[in-house]
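The structure appears right after this line, and notes come after that.
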Amino acid sequence: MSRLILPPVPASEITPRSVYEQRRQWLRLMASGAAGAALASWAGREALAQTPGKLAKLPGAKSAVEGAVVMEKTTAYVDATSYNNFYEFGTDKSDPVQRAHTLRPRPWSVRVEGEIAKPGVYDIDALLKLSPMEERIYRLRCVEGWSMVIPWVGYSLAELIRKVEPNSKAKFVEFITLEDKSQMPGLRSAVLDWPYVEGLRIDEAMHPLTLLTFGMYGELLPNQNGAPVRIVVPWKYGFKSAKSIVKIRFVEKQPTSSWTQAAPQEYGFYSNVNPLVEHPRWSQSRERRIGEDDLFAKKRKTLMFNGYEAQVGQLYAGMDLRKNF
Ligand SMILES: Nc1nc2c(c(=O)[nH]1)N[C@H]1C(S)=C(S)[C@@H](COP(=O)(O)O)O[C@H]1N2
Ligand SMILES: [Mo]
């Protein structure tokens, strides 16, 4: 049975110019009568989307962490694996599913270094076994105005952090992701400074909801979702959740994230989901749930800290969240 796939979201909801221009191209195509071909390639997204069962199983036990399971309908696997942001494979939502097959998630290792007593290099399969896997059903809210609900599999990043013993200078944690042109065709574009880098304050990184993530929907992560290991920080805009991590560095100074570097007035270091702080080019008060709300549906309200205020609000006590956006 074929499902109706939505055309790209309106240009006004899209972050970078390149994407906006692709939308305009798409509209021009529609107008020029080449719409058939354009629609066929958009529909190709679905044909390429992986169905569960192709990747190795990775079950996770029920999590005892407060807020770990939102009681909302989970996004269909086909949507969560074919509507992605992973600029290393292109800026279109359908690029990662079509192009990320060139990523090689094994062998893989993650270097852990910086202000810690026990630096080291972890083979991905050793990292997988460091702590028991848990399933966490989190909302993911993209800064572009859409959201999903995804059952991730992993363990709290805090488990790894405790093992490497940060010293008193470890104020921030930086995540450095893979930069390899032979695996990532999108690196030829200068849309961001590569590698994609993100960071958290140490207390944010230690928060039990911050998930070192190896799987989703009970299986290993598909490449387009950040295989073989990524971070998921559910109360922050999606871009804080770096994919395909190769290095975790403990540092004293606040690191510069790739998106902050690209547009500091638009993407702050904190990037907590906050319906009260508008993006300079659009409101953040509402969102569209991918796969459920079509283009004509009334968008749903975005929640403070993406709905995780009870769990994380105290991390920001006394901070002006309009300045520290
Ligand atoms: N390395 C890397 N990580 C990344 C990105 C990226 O382009 N490169 N995009 C981010 C953005 S903007 C979002 S919304 C989420 C999307 O994750 P998903 O495709 O698994 O839903 O990944 C984030 N992590
Ligand atoms: Mo995003």
Side-chain angles (χ1 to χ4, degrees), residues 9 13-16 18-19 45 49-50 74-100 103 105 110 136-154 174-180 183-187 189-200 211 213-217 219-248 257-263 266-267 271 273 279 282 284 287-291 302 306:
V9 299
E13 291 176 21
I14 297 292
T15 320
S18 59
V19 175
R45 192 180 76 115
Q50 288 158 307
T74 53
T75 298
Y77 187 88
V78 64
D79 290 319
T81 59
S82 65
Y83 189 91
N84 301 101
N85 274 336
F86 201 167
Y87 278 17
E88 289 88 332
F89 296 97
T91 54
D92 202 272
K93 295 286 171 288
S94 61
D95 284 338
V97 67
Q98 294 180 58
R99 302 166 85 186
L103 178 71
V110 178
R136 306 280 184 90
I137 304 181
Y138 286 167
R139 293 184 202 91
L140 181 136
R141 168 60 157 83
C142 177
V143 75
E144 294 164 345
W146 49 267
S147 61
M148 301 196 193
V149 175
I150 297 181
W152 303 106
V153 185
E174 191 175 13
F175 306 98
I176 296 112
T177 73
L178 183 70
E179 178 185 12
D180 181 350
Q183 300 182 59
M184 299 172 139
L187 296 184
S189 148
V191 61
L192 289 173
D193 265 358
W194 311 111
Y196 191 103
V197 171
E198 260 306 336
L200 296 171
L211 193 69
T213 308
F214 302 87
M216 59 196 277
Y217 299 82
E219 299 180 356
L220 291 180
L221 285 172
N223 289 353
Q224 62 269 33
N225 292 87
V229 60
R230 67 175 294 172
I231 289 291
V232 182
V233 194
W235 68 95
K236 292 178 184 278
Y237 291 116
F239 69 88
K240 296 295 289 182
S241 294
K243 293 172 165 180
S244 304
I245 292 168
V246 292
K247 205 182 279 183
I248 300 177
S257 311
S258 292
W259 276 104
T260 307
Q261 164 99 10
E266 302 195 8
Y267 309 104
S271 293
V273 174
H279 184 278
W282 58 80
Q284 290 292 29
E287 68 200 53
R288 183 189 315 285
R289 188 62 51 83
I290 298 299
T302 288
N306 204 23

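Every number for a ligand or one of its atoms is a count from 1 in the order of the listing.
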Where ligand 1 meets Y87 - atom numbers and elements under 4.0 angstrom, heavy-atom basis: 6 (C), 7 (O)
contact_flag G226 ligand 1 heavy-atom lt 4.0 Å: no
Inter-residue atom distance R136.CZ - M216.CE, 0.5 Å rounding: 16.0 Å
Evaluation steps, salt bridge (Lys or Arg N to Asp or Glu O under 4.0 Å), between E144 and K93: CA-CA 12 Å; E144 294 164 345; K93 295 286 171 288; 3.0 Å; yes
Min N/O separation N85 to ligand 1 under 3.5 Å: yes
Side chains of W259 and Y196 in contact at under 4.5 Å (non-hydrogen atoms): yes
Separation of W152 CH2 from L140 CG (nearest 0.5 Å): 6.0 Å
Region of N84 engaging ligand 1 - heavy atom pairs below 4.0 Å: both
Full working for side chain to side chain donor-acceptor pair (under 3.5 Å) between S147 and R289: CA-CA 5 Å; S147 61; R289 188 62 51 83; 2.9 Å; yes
Protein contact to atom 21 (O) of ligand 1 [nearest heavy atom, distance to 0.1 Å]: L140 CD2, 4.0 Å
Numbering as shown, the atoms of ligand 1 that approach C142 to under 4.0 Å (heavy-atom distance): 14 (S)
Side chains of T177 and E198 in contact at under 4.5 Å (non-hydrogen atoms): no
Ligand 1 contact on E198 by region, counting heavy-atom pairs under 4.0 Å: neither
Protein heavy-atom partner closest to atom 22 (O) of ligand 1 - residue, atom, separation in Å: K243 CE, 3.4 Å
Closest protein heavy atom (residue, atom, distance) for atom 20 (O) of ligand 1: R230 NH1, 2.6 Å
Heavy-atom proximity to atom 13 (C) of ligand 1, best of S241, G238, S258: G238
Residue part near ligand 1, for E88, under 4.0 Å between non-hydrogen atoms: side chain
Interatomic spacing from CZ in R288 to CE in M148 - rounded to 0.5 Å: 12.5 Å
OG on S244 to CD on Q224, rounded to 0.5 Å: 10.0 Å
CD-CG distance between E287 and N306, expressed to the nearest 0.5 angstrom: 6.5 Å
Within-shell test, M148 vs ligand 1, heavy atom, strictly < 4.0 Å: no
Options Y196, W152, W146, ranked by nearest heavy atom to atom 6 (C) of ligand 1, top entry: Y196
